Amino acid sequence: MVAQKDDRKFSVLIAGGGSTYTPGIVLTLLNGLDKFPLRKLKFYDNDGERQKKIADATAILVKERAPEVEFEATTDPKEAFTDVDFVMAQIRVGKYAMRSLDEKIPLKHGVVGQETTGPGGIAYGLRSIPGVIQLVDYMEKYSPNAWMLNYSNPAAIVAEATRRERPNSKIINICDMPIDIMDRMAAILGFKDRNDLVFRYYGLNHFGWWTDVRDKQGNDLMPKLKKYVAKNGYWVGGDYDANTEKSWEETFKKAADVYKLDPSTLPNTYLKYYLYPSWVVKHSNPNYTRTDEVEAHRQKLVFGECKRIVEAGTAKDTEFKPDEHSTYIVDLCTAIAYNTHQRMLAIIPNEGAISNIDPTATVEVPCLFGSNGPERLSMGKAATFQQGMITEQNSVEKLAVDAWQEHSYTKLWEAFSLCKIVPDAGIAKDILDDMVVANKDYWPELK
Ligand code: NAD
Ligand code: G6P
Ligand code: MN
């Protein structure tokens with residue numbers, strides 16, 4: 001949809017300025033000034049040293065490409081959150097050091113160790129909740145009319161917590177996984193981009209299914225996609241996947257096996273952890289997990305490129321480029337700013353969107369995005385398989401938030417035990433007890 005022209009220019013704050021995803025967003029914003037004009041770009045992080053490395057390179061980028069845009073990086077919340085129209089949040093409370101433990105502790109007990117899934121995801125949830133709520137409070141105090149688009153994970157648990165703790169706040173929780181998959185669908189089908197596809201999708205975050213994918217003329221594209229996914233998963237290969245890391249290649253390919261469980265839908269890649277946990281554990285190295293890979297690859301590339309830009313004093317030939325993560329969040333801001341009612345996914349209170357799921361569940365469904373935020377679209381009834389899985393996983397997420405609110409060891413043990421990937425309550429307790437120690441600087445003291 002074409003954005004209406006008017007003379008507004010926006011002020012954007014990236015909270016978690018030190019994130020590895022920040023340069024991609026900066027590039028997307030600078031490339032798209034004709035569609036989403038900026039007057040100010042700010043970074044906020046509670047680790048000034050980490051943020052500075054990205055900010056110093058960004059200052060050069062902004063000066064070269066859009067000198068009229070004011071840029072500043074700060075660790076001071078008042079300075080950061082004052083005079084802001086949009087907050088793009090992507091903080092990682094506990095940083096990679098804690099992510100590493102989220103992955104390694106469960107694996108030590110023979111259970112999937114993953115950033116947002118199972119015990120690792122729950123542990124991360126209890127660290128993230130207060131961090132994200134603090135960002136919401138800063139926004140409401142210093143820029144009460146602003147919107148926050150939040151990527152900070154685990155988005156499902158964070159969204160459930162903000163639904164309860166800050167029900168009227170203008171935070172919209174989002175995820176780039178379905179976006180990445182829809183880019184792949186477009187590539188598989190030979191379409192220019194994901195915005196050529198009209199889709200129906202429902203579930204929880206990192207836990208959902210497409211029930212329909214069509215082109216703009218209404219032609220059903222599911223049969224062709226299903227045929228492809230049954231064989232290759234979402235792996236495109238060739239130039240498209242030239243820079244895709246090994247572990248993601250495995251995940252995109254495994255979608256073929258996940259798909260087979262319900263050939264009437266197309267699955268989110270994250271379902272592999274819930275449906276094939278033994279396979280995942282067998283394919284994991286407890287001493288070298290995804291965090292080690294990210295530190296050796298993405299983090300190194302991003303910070304290396306920032307250093308190179310700063311040393312060269314120019315970003316003219318930078319390798320940084322837009323990706324699905326950055327284009328999605330900028331598209332969302334554009335849709336809100338210009339009231340376009342573009343159909344996009346968000347993680348929001350169910351309230352009937354999936355008719356046979358608890359109305360208070362926090363679900364991921366398509367919404368129309370306009371100046372009042374997201375308006376959810378009705379996705380109808382979940383089939384028995386999905387209804388069962390969603391209900392169980394949603395209870396896990398609710399118990400995790402209960403545990404945080406009530407400081408309850410028992411609720412957290414229940415969350416771990418109910419989780420599909422944990423075989424029994426004894427193992428759940430062993431993992432939990434290790435995690436209580438590892439998270440002592442972040443979690444409330446559990447009773
Ligand atoms: P990263 O560690 O590189 O960056 C996170 C930054 O947040 C760090 O600079 C850190 O200092 C800062 N930070 C931590 N706690 C903070 C706090 N309380 N206040 C302010 N700043 C704080 O991490 P990354 O790999 O770039 O990922 C960033 C976040 O985005 C993570 O939560 C990740 O899970 C999430 N993410 C989500 C999606 C999604 O689909 N929702 C996609 C990609 C990344
Ligand atoms: C996808 C998910 C994010 C998750 C990320 C992890 O983009 O949607 O929620 O944070 O993958 O990627 P990483 O490369 O850090 O393992
Ligand atoms: Mn996600």
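Ligands are counted one by one from 1 in listed order, and the atoms in each one are counted from 1 as well. For clarity, every value in this text was computed on a predicted model and none was experimentally measured.
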Given V213, T265, L221, L266, the one that forms side chain to side chain contact (heavy atoms under 4.5 Å, CB included) with K226: L266
message: Once you measure the plane-to-plane angle for Y270 and Y273, does it fall in the parallel (<30°), tilted (30-60°) or perpendicular (>60°) bin?
response: tilted
- request: May I ask you to list the atoms of ligand 2 that are less than 4.0 angstrom from any heavy atom of V294?
  value: 15 (O)
- line: the protein heavy atom lying closest to atom 12 (O) of ligand 2 turns out to be W248 CZ2, 3.7 Å
- prompt: Counting heavy atoms only, which of Q90, E115, M177 is nearest atom 10 (O) of ligand 2?
  reply: E115
- request: Please report the C-alpha distance between D56 and K307 in whole Å, then the side-chain angles of each, then the deciding distance to 0.1 Å, and finally whether the salt bridge (Lys or Arg N to Asp or Glu O under 4.0 Å) criterion is met.
  value: CA-CA 9 Å; D56 287 350; K307 190 162 175 270; over 6 Å; no
- line: heavy-atom search around atom 30 (O) of ligand 1 in the protein gives Q90 CB, 3.7 Å
message: Among all protein heavy atoms in this structure, tell me which lies nearest to atom 8 (O) of ligand 2, with the distance rounded to 0.1 Å.
response: D176 OD1, 2.8 Å
field: ligand 1 atoms in contact with S152 (distance to a heavy atom under 4.0 Å)
entry: 32 (O)
- prompt: Is it true that the NZ or CZ of K272 lies under 6.0 Å from the centre of W279's six-membered ring and within 45 degrees of the ring axis?
  reply: no
query: Within the side chain of T362, is there an N or O that forms a donor-acceptor pair under 3.5 Å with the backbone of I348?
result: no
- request: Heavy-atom contacts with D47 under 4.0 Å: which atoms of ligand 1 show up? List them by number with element.
  value: 11 (O)
Subset of ligand 2 atoms that lie under 4.0 Å from at least one heavy atom of C175: 8 (O)
message: What count do you get for protein N, O or S atoms closer to the Mn ion (ligand 3) than 2.8 Å?
response: 2
- prompt: Do W443 and H407 have side chains that get closer than 4.5 Å, going by heavy atoms?
  reply: no
message: What I'd like to find out is whether the side chain of L345 reaches to under 4.5 Å of the side chain of C367, using heavy atoms alone.
response: no
query: Just which atoms of ligand 1 are under 4.0 Å from any heavy atom in C175?
result: 39 (C), 40 (O), 41 (N)
message: With a heavy-atom distance limit of 4.0 Å, tell me whether Y151 approaches ligand 2 through its side chain, its backbone, both, or neither.
response: neither
- prompt: So, for N150 and A89, which heavy atoms are closest and what is the spacing to 0.1 Å?
  reply: OD1-CB, 3.3 Å
query: Taking all non-hydrogen atoms of both residues, which atom of N350 and which atom of I357 are closest, and how far apart?
result: ND2-O, 2.8 Å
- line: Note: E245, heavy atoms under 4.0 Å from ligand 2, region reported as neither
field: Atoms in ligand 1 flagged as close to Y44, the criterion being non-hydrogen separation under 4.0 Å
entry: 20 (C)
Protein heavy-atom partner closest to atom 44 (C) of ligand 1 - residue, atom, separation in Å: Y21 CE1, 3.4 Å
N or O pair under 3.5 Å between I174 and ligand 1: yes
query: Has ligand 2 got any nitrogen or oxygen that is less than 3.5 angstrom from a nitrogen or oxygen of H206?
result: yes
statement: For L418 and S395 the tightest heavy-atom approach is CD2-CB, 3.5 Å
query: Any idea which atoms of ligand 1 are less than 4.0 Å away from a heavy-atom of H325?
result: 42 (C), 43 (C), 44 (C)
query: To the nearest 0.1 Å, how far is atom 39 (C) of ligand 1 from its closest protein heavy atom, and which atom is that?
result: Y151 CD2, 3.4 Å
Residue, atom name and distance, where the atom is the protein heavy atom closest to atom 3 (O) of ligand 1: R50 NH2, 2.7 Å
field: Proximity of R290 to ligand 2 by residue part, where a heavy atom lies under 4.0 Å
entry: side chain
statement: Note: ligand 1 atoms sitting under 4.0 Å from heavy atoms of R298 are 25 (O)
query: Near N153, which atoms of ligand 2 are under 4.0 Å from a heavy atom of that residue?
result: 3 (C), 4 (C), 9 (O), 10 (O)
- prompt: Per the side chain to side chain donor-acceptor pair (under 3.5 Å) rule, which among K104, E103, E115 passes with T291?
  reply: E103
- prompt: For the side chain of K42 and the backbone of F71, is there at least one donor-acceptor N/O pair under 3.5 Å apart?
  reply: no
- line: re atom 23 (O) of ligand 1, the protein heavy-atom contact at minimum distance is R92 NE, 3.1 Å
- prompt: Under 3.5 Å, is there a donor-acceptor pair between the E293 and S247 side chains?
  reply: yes
query: Would you call T116 a ligand 2 contact, heavy-atom distance under 4.0 Å?
result: no
- prompt: In the protein, what heavy atom is nearest to atom 18 (N) of ligand 1, and what distance, to one decimal place, separates them?
  reply: N46 ND2, 3.3 Å
field: Considering all heavy atoms, the nearest I431-P106 contact
entry: CD1-CA, 4.2 Å
- request: Would you mind telling me if ligand 2 is within reach of the side chain of R298, the backbone, both or neither, using heavy atoms under 4.0 Å?
  value: side chain
Under 3.5 Å donor-acceptor, N268 side chain and L271 backbone: no
Atom 4 (O) of ligand 1: nearest protein contact (heavy atom, Å): S19 CA, 3.1 Å
message: Which residue is it: F86, F43, Y44? I am looking for the one with a ring pair (Phe, Tyr, Trp, His ring centres under 6.0 Å) to F81.
response: Y44
query: Considering only heavy atoms, does Y270 approach ligand 2 within less than 4.0 Å through its side chain, its backbone, both, or neither?
result: side chain
- prompt: Is there a donor-acceptor pair closer than 3.5 Å between any side-chain N or O of Q51 and the backbone N or O of T74?
  reply: yes
- request: Can you label the angle between the H325 ring and the Y151 ring as parallel, tilted or perpendicular, going by 30° and 60°?
  value: parallel
Protein heavy-atom partner closest to atom 9 (O) of ligand 1 - residue, atom, separation in Å: D45 OD2, 2.7 Å
- prompt: Under 3.5 Å, is there a donor-acceptor pair between the side chain of E72 and the main chain of L41?
  reply: no
query: Is there a donor-acceptor contact under 3.5 Å from the side chain of R200 to the main chain of P366?
result: no
- prompt: Would you say Y124 and ligand 1 have an N/O pair spaced under 3.5 Å apart?
  reply: yes
message: Need the ligand 2 atom indices (1-based, order shown) with element for anything under 4.0 Å from a heavy-atom of R99.
response: 13 (P), 15 (O), 16 (O)
task: Give the numbers and elements of all ligand 1 atoms closer than 4.0 Å to a heavy atom of E115.
output: 33 (C), 34 (O)
message: Tell me if a side-chain donor or acceptor on N394 pairs with a main-chain N or O of I390 at a distance below 3.5 Å.
response: no
